[in-house]
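Just below is one structure, and these are the notes that go with it.
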Protein chains: 2
Amino acid sequence: MTDSLALDGTGPLHEQIRRAVCAPIISGAWQPGRRVPSEHELMALFGASRMTVNRAMRTLADDGLIVRRRRTGSVVASAAGDRAVMSMGSIRAAVEAGGQVYSYESLARHRARATDDIAGRFKIAAGTPLLNLSWRHLADGRPAALEDYWINLAAIPEAVDEMFDTVPPAEWLATRLPWSKSRYVVTAVNAGAAMAKLLDLEPGIACLKVDRRSWRDGVPATFVTCLYPGTGHALTGEVAPP
Amino acid sequence: MTDSLALDGTGPLHEQIRRAVCAPIISGAWQPGRRVPSEHELMALFGASRMTVNRAMRTLADDGLIVRRRRTGSVVASAAGDRAVMSMGSIRAAVEAGGQVYSYESLARHRARATDDIAGRFKIAAGTPLLNLSWRHLADGRPAALEDYWINLAAIPEAVDEMFDTVPPAEWLATRLPWSKSRYVVTAVNAGAAMAKLLDLEPGIACLKVDRRSWRDGVPATFVTCLYPGTGHALTGEVAPP
DNA sequence: TGCGATTTGTACGTATGTATT
DNA sequence: CAATACATACGTACAAATCGC
C-alpha cells in the first residue's frame with residue numbers, strides 16, 4: 001500500500017510528491033488517523049532530498065490534510081466535513097459578474113452617537129460618535145441590495161471628512177482597513193414594509209441578511225448590515241481538495 | 001520606510017521575517033501594488049539565508065498578501081475585500097455548540113430514478129439510479145433543520161446497502177467522500193406549508209436554504225438541500241489576517 | 001529517573017533553472 | 001542577449017519533542 005505511491009512526472013518534484021501522498025487521502029484509501037510514511041521513507045521511495053520531501057509534507061499539513069508530530073510521525077487528519085468555506089464577494093462584483101450594470105445611490109448620511117441598542121450590537125460604549133451611511137445598490141437600475149453602515153469615528157476619525165459621494169464606503173474602507181479582522185453572520189429575514197419598499201418587493205418576502213463587523217487594532221471599526229432579496233441573490237462557496 | 005522593518009526576536013526566523021513584512025501590509029502602510037523588498041534585500045536586512053527569506057515570502061504569497069513575479073519582484077496584493085470565507089459546520093456541531101441536545105429522525109428513504117427536474121439540478125442523465133433520504137434534525141427535541149439527500153448510486157453504489165438507521169448520511173459519507181469537491185449555494189426562502197409544518201413554523205417565515213453538491217472523481221455524487229428556520233440559525237464566518 | 005532513538009522543525013550554503021524585462 | 005529575481009533542489013547540521021527502555 002505504502003509502496004503504491006507513484007510520481008506522475010509533471011511539474012516540480014515537491015508538487016509531485018505532495019500529489020502522490022495526497023491521492024490516497026482524498027480518495028479515502030487512507031482513513032483519518034492512518035500513519036503517513038515518514039520523511040525518510042519518502043526520501044528512499046522517491047529518491048528526493050529531505051528538504052524537498054519536507055516541503056511537500058509541510059504543504060499537506062498547512063492544507064490540513066495531515067497532522068505532523070515529532071517522533072510519532074504524520075497521520076491523516078480527521079475528515080474535512082466542517083472545513084467548508086464560502087467566499088463573499090462585493091456586491092459590485094456579483095452584479096457585474098452577472099453581466100448587469102452596477103450603480104448605487106446614497107439614502108442617508110448622518111452623524112450620531114451610539115444608542116444603547118447600537119452600542120450593544122457594536123460592542124462599544126454608548127455615546128461613542130458614529131457615522132451612519134445607507135446605500136441602495138442597483139443592478140440594471142433595479143434594487144439589488146440595501147447596505148447600512150455604521151462607522152466608529154473613534155476608530156476611523158478620517159471618515160468624518162469623507163462625503164462618500166464618489167466612492168462607496170466599501171471601497172473607501174478597503175484602503176484604510178486592509179486585511180482587518182471581520183466576522184460575518186448570515187440569516188434569513190422577512191422583508192418589513194420599509195425594506196420591501198426600498199427593494200421593490202412584496203412585504204414578507206424572504207431576504208438574506210448579512211451582518212459584518214470589522215475591527216482595527218482590536219477596536220470595533222465598522223458594523224454593516226446588508227440585505228438581499230431572497231430570490232435573485234445567493235451566497236456561493238466551494239470546497240475543494242487543495 | 002523599507003528599513004523600518006524589524007524582527008521581534010520571538011519564534012522561528014522565517015516567521016519573524018514573515019511578520020515583519022506582513023505588518024505594514026495589514027496596517028495599510030504599504031498599499032496594494034507597492035513593491036516588497038526583494039529576497040536579496042531582505043537577506044541583507046535581516047542577515048538570513050535566502051532559503052529562509054524565501055520561505056517567509058512564499059508563505060505570504062500562499063496567504064494571498066503578496067504576489068510574486070520573476071524579474072519584477074513581489075508586490076502587495078490587491079485588497080482583501082472579496083476573500084471573505086465562511087466555515088459551515090455540521091448541524092450536529094452547531095446544535096451541540098449551543099449547549100443543546102442533538103437528535104435526528106428519518107423522514108423518508110427510497111430509491112428513485114432521476115426525473116428531468118432532478119437530473120437538471122444534479123447535472124446527471126435522466127434515469128440515473130438515486131437514493132433519496134430525508135431527515136429532520138432536532139435541538140432539545142425541537143425541529144432545527146430539514147435535510148434532503150440525493151445520492152447518486154452510479155457514483156456511490158455501496159450506499160444501496162446502507163440503511164442509515166444508526167449513522168446519519170453526513171457522517172457515513174464523510175468516510176467515503178473525504179475531501180471531495182463540493183459547492184454551496186445559500187439563499188433565503190419563505191417556508192411553504194409542508195416545510196412550515198415539519199419545522200413547526202408559521203407558513204411564510206423566512207428560512208435559510210443551503211444547497212450543496214459534491215462530486216467524486218468529477219462525477220456528481222450527492223445533492224443536499226438543508227433548510228433552517230431563519231430565526232434560530234445563522235451561518236457565521238470570520239476573516240482574519242493570516 | 002535518565003538516556004538513546006526516531007521524527008519533525010529550522011536554518012544554513014550552494015547550485016541551477018526559468019520567466020521577464 | 002544580458003541582468004534580475006524568483007523557483008526548485010540538493011546536501012548538511014543541529015534543535016526540539018517524544019516514545020520506549
Side-chain angles (χ1 to χ4, degrees), chain A residues 2-3 5-22 25 30 32-78 242, chain B residues 2-3 5-22 25 30 32-78 242:
Chain A
T2 299
D3 319 286
L5 296 176
L7 304 182
D8 54 20
T10 65
L13 184 52
H14 66 88
E15 276 291 310
Q16 295 184 46
I17 296 174
R18 186 189 62 74
R19 279 196 300 274
V21 178
C22 186
I25 297 175
W30 292 358
R34 188 205 144 110
R35 195 162 174 292
V36 171
S38 74
E39 295 188 356
H40 270 99
E41 289 171 307
L42 293 171
M43 284 171 66
L45 235 170
F46 299 131
S49 78
R50 214 196 115 204
M51 280 298 296
T52 305
V53 170
N54 179 274
R55 178 164 171 186
M57 301 297 278
R58 201 173 56 227
T59 306
L60 286 175
D62 285 346
D63 290 341
L65 270 83
I66 65 174
V67 175
R68 315 198 72 192
R69 275 193 318 254
R70 285 161 162 148
R71 164 69 195 183
T72 47
S74 307
V75 295
V76 176
S78 55
Chain B
T2 300
D3 319 285
L5 296 177
L7 305 181
D8 54 19
T10 64
L13 184 52
H14 67 87
E15 275 291 310
Q16 294 183 46
I17 295 173
R18 186 190 63 73
R19 279 197 302 274
V21 178
C22 185
I25 296 176
W30 291 359
R34 188 205 144 110
R35 196 167 172 291
V36 171
S38 73
E39 295 189 354
H40 270 101
E41 289 170 307
L42 293 171
M43 284 172 66
L45 235 169
F46 299 131
S49 79
R50 224 201 102 201
M51 281 294 298
T52 306
V53 170
N54 179 274
R55 178 163 171 186
M57 301 297 278
R58 202 174 55 227
T59 306
L60 286 174
D62 286 345
D63 291 340
L65 271 81
I66 65 173
V67 175
R68 315 197 74 191
R69 278 191 316 256
R70 287 165 156 136
R71 165 71 193 182
T72 48
S74 307
V75 295
V76 176
S78 55

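Keep in mind the model is a prediction, meaning the values are calculated, not measured.
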Worksheet item: Taking CG from L42(B) and C1' from dA5(D), how many angstroms apart are they, rounded to a whole number?
Response: 12 Å

Hey, what are the protein-to-nucleotides 10-13 of chain D N/O distances that come in under 3.5 Å?
from    : atom 1 : to     : atom 2 : distance (Å)
dC10(D) : OP2    : S49(A) : N      : 3.1
dC10(D) : OP2    : S49(A) : OG     : 3.1
dC10(D) : OP2    : T52(A) : OG1    : 2.5

Discussion item. Let's go through F46(A) and L13(A) carefully: what are the C-alpha distance in whole Å and the side-chain angles of both, what is the deciding distance for side chain to side chain contact (heavy atoms under 4.5 Å, CB included) to 0.1 Å, and is it a yes or a no?
Written reply: CA-CA 9 Å; F46(A) 299 131; L13(A) 184 52; 5.6 Å; no

Worksheet item: In whole Å, what is the span from the NE2 atom of H40(B) to the P atom of dA7(D)?
Response: 13 Å

Fill in: Listed partners of A44(B) passing side-chain contact (heavy atoms from CB on, under 4.5 Å), at least two apart
none

Worksheet item: Does R71(B) have any side-chain hydrogen bond (donor to acceptor under 3.5 Å, both in side chains) partners at least two apart in sequence or in another chain, and if so, which?
Response: none

Worksheet entry | All side-chain contact (heavy atoms from CB on, under 4.5 Å) counterparts of T72(A), not counting sequence neighbours | R69(A)

Worksheet item: CD1 of I17(A) versus P of dT8(D): gap in Å, rounded?
Response: 13 Å

Practice prompt. Could you check H14(A) against S38(B) and say which one's nearest nucleotide on DNA chain D is further toward the 5' end?
Written response: S38(B)

Practice prompt. State which residues pass salt bridge (charged side-chain N to carboxylate O under 4.0 Å, His left out) with R70(B); sequence neighbours excluded, sorted by chain then number.
Written response: none

Pairs: protein N or O with nucleotides 17-21 of chain D N or O, under 3.5 Å:
from    : atom 1 : to     : atom 2 : distance (Å)
dC19(D) : O4'    : R71(A) : NE     : 3.2

Practice prompt. Give the intermediate values and the outcome of side chain to side chain contact (heavy atoms under 4.5 Å, CB included) for residues T52(B) and Q16(B).
Written response: CA-CA 10 Å; T52(B) 306; Q16(B) 294 183 46; over 6 Å; no

Discussion item. Please enumerate all residues that pass side-chain contact (heavy atoms from CB on, under 4.5 Å) together with A77(A), with sequence neighbours excluded.
Written reply: V67(A)

Fill in: Interatomic distance, N54(A) CG vs dA9(D) C1' [rounded to whole Å]
13 Å

Worksheet item: Quick one: L7(A) CG to dT8(D) P, roughly how many Å, whole number?
Response: 16 Å

Worksheet entry | Sequence-distant partners of R18(A), salt bridge (charged side-chain N to carboxylate O under 4.0 Å, His left out), two or more places apart | E15(A)

Response to the item:
In the 5' to 3' direction, the nucleotides of DNA chain C bounding the stretch that comes under 4.0 Å of a heavy atom in chain B are dT10(C) to dT21(C)

Response to the item:
Sequence neighbours excluded, the answer for salt bridge (charged side-chain N to carboxylate O under 4.0 Å, His left out) partners of R55(A) is none

Item to complete: Kindly write out the residues that satisfy salt bridge (charged side-chain N to carboxylate O under 4.0 Å, His left out) with R35(A), not counting sequence neighbours, or none if the list is empty.
Response: E41(A)

Fill in: side-chain contact (heavy atoms from CB on, under 4.5 Å) partners for E39(B), two or more places apart
R50(B), V53(B), N54(B), R68(B)

